[in-house]
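Take a look at the structure set out below.
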Amino acid sequence: AKAAIEAMTATLKLQQGRDVLVVRLGNVYGLGELPTSTRNQLSLIGNLLQSASTHGTISARQSQPDLAMREWTFAPDIANAIHALLETPLLTYPLYNAAAGSLADYEQIARAIEMVLPAVQRLPHGMHPHLCRHGILSNARLVADTGFNNWTTTEIGIRLALEYSL
């Protein structure tokens with residue numbers, strides 16, 4: 001898909017004279033992530049934060065180590081990354097990943113929640129269906145072309161999102 005989008009943007013530029021910039025997002029979480037009638041599925045972090053702040057519990061998931069690591073991006077950082085792309089006079093590529101490059105597995109996420117809410121309880125539960133690796137987005141192009149590398153760490157993002165929801 002990435003190669004197809006890059007080819008399409010190159011074609012638009014060469015044949016139509018259009019300058020196109022495509023930004024891909026990774027696994028996003030953030031402030032006020034709540035289930036609604038139009039969005040009932042939250043990110044893994046959103047689900048855990050919702051459960052921790054509402055019920056004082058999170059599921060003690062089991063995960064396979066080779067599948068558990070995922071890249072997480074704190075939603076407010078995405079606007080700053082896109083702004084950096086738009087302010088850069090000359091970009092090398094038509095496609096950039098707006099991704100923090102911050103990897104965390106379930107255990108790291110749970111520990112970050114417990115740092116903010118030490119009384120949260122882990123309830124037994126089975127394998128989490130969202131802990132499968134779909135690939136990790138690299139922000140190397142974005143960093144190289146814009147110098148932007150001001151990402152919120154997963155631990156701080158979780159703390160901010162929990163404080164916001166509380």
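In this structure, Thr152 and Pro76 have side chains that are not in contact, with every pair of non-hydrogen atoms separated by 4.5 Å or more. The shortest side-chain heavy-atom distance between Leu49 and Leu42 does not fall under the 4.5 Å cut-off. In this structure, Asp105 and Arg70 have side chains that are not in contact, with every pair of non-hydrogen atoms separated by 4.5 Å or more. Within the 4.5 Å cutoff, side-chain heavy atoms of Trp72 are placed close to those of Leu44. Looking only at side-chain heavy atoms (C-beta outward), Val22 and Pro94 stay at 4.5 Å or farther from each other. Counting heavy atoms from C-beta on, the side chains of Leu31 and Phe74 come closer than 4.5 Å.
Criterion: ILVMFWY side-chain heavy atoms under 4.5 Å apart, direct or through other members. Under it, Leu95 and Leu91 are not part of a common hydrophobic cluster. Under the 4.5 Å side-chain heavy-atom criterion for Ile, Leu, Val, Met, Phe, Trp and Tyr, Val120 and Ile158 are members of the same hydrophobic cluster. Hydrophobic cluster membership differs between Ile109 and Val28, with clusters built from Ile, Leu, Val, Met, Phe, Trp and Tyr side chains linked at under 4.5 angstrom. Note: the hydrophobic cluster containing Leu21 also contains Leu25 (ILVMFWY, side chain heavy atoms under 4.5 Å, direct or indirect links). Hydrophobic clustering places Val116 together with Tyr164 (ILVMFWY residues linked when any side-chain heavy atoms are closer than 4.5 Å, directly or through intermediates).
Between Leu142 and Ala81, the shortest heavy-atom contact is CD1-CB, 4.0 Å. Between Ala99 and Asn139, the closest heavy-atom pair is O-ND2, 2.9 Å. Of all the heavy atoms in Ala110 and Ile58, the pair that sits closest is CB-CD1, 3.8 Å. When all heavy atoms are compared, the tightest approach of Ser43 to Tyr29 is OG-CB, 3.8 Å. The minimum heavy-atom distance linking Ser138 with Asn97 is given by the pair O-ND2, 3.0 Å. Contact detail for Thr73 and Ala100: the closest heavy-atom pair is OG1-N, 2.9 Å.
Open room surrounds CE on Met115; 12 or fewer heavy atoms of other groups in view lie less than 6.0 Å from it. Heavy atoms from other residues, nucleotides or ligands lying under 6.0 Å from CD of Gln121 number 12 at most.
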* **side-chain contact (heavy atoms from CB on, under 4.5 Å) between Ile45 and Thr154, intermediate numbers included** => CA-CA 10 Å; Ile45 291 178; Thr154 305; 4.2 Å; yes
* Take Asn150 and Asn80 through the test side-chain contact (heavy atoms from CB on, under 4.5 Å) and record every step on the way to the result. => CA-CA 8 Å; Asn150 189 21; Asn80 295 326; 5.6 Å; no
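A ring-ring contact (aromatic ring centres under 6.0 Å, His included) check over residues 84-103, counting only residues at least two apart or in different chains, returns nothing.
Atom CE of residue Met69 and atom CG of residue Leu103 lie 4.5 Å apart, to the nearest 0.5 angstrom. To the nearest 0.5 Å, the span separating CG on Leu162 from CD on Gln50 amounts to 10.5 Å.
Looking only at distances, a side-chain donor or acceptor of Thr146 sits under 3.5 Å from a matching main-chain atom of Phe148. Looking at Ser51, its side chain never comes within 3.5 Å of a backbone N or O of Leu48 through a donor-acceptor pair.
Ion pairing between a basic and an acidic side chain is recognised when a charged N comes within 4.0 Å of a carboxylate O; Glu114 and Arg122 show such pairing. Ion pairing of Glu155 with Arg159 is absent here, as no side-chain N (NZ or NE/NH1/NH2) approaches a carboxylate O to less than 4.0 Å.
Donor-acceptor pairing under 3.5 Å is recorded for the side chains of Asp145 and Thr92. Between the side chains of Glu71 and Ser102, no donor N or O sits under 3.5 Å from an acceptor N or O.
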Would you tabulate the side-chain donor-acceptor contacts of residues 9-18 under 3.5 Å, counting partners in other chains and residues two or more places apart, or write 'none'?
residue	atom	partner	partner atom	Å
Thr9	OG1	Ile5	O	3.2
Thr9	OG1	Glu6	O	2.9
Thr11	OG1	Ala7	O	2.9

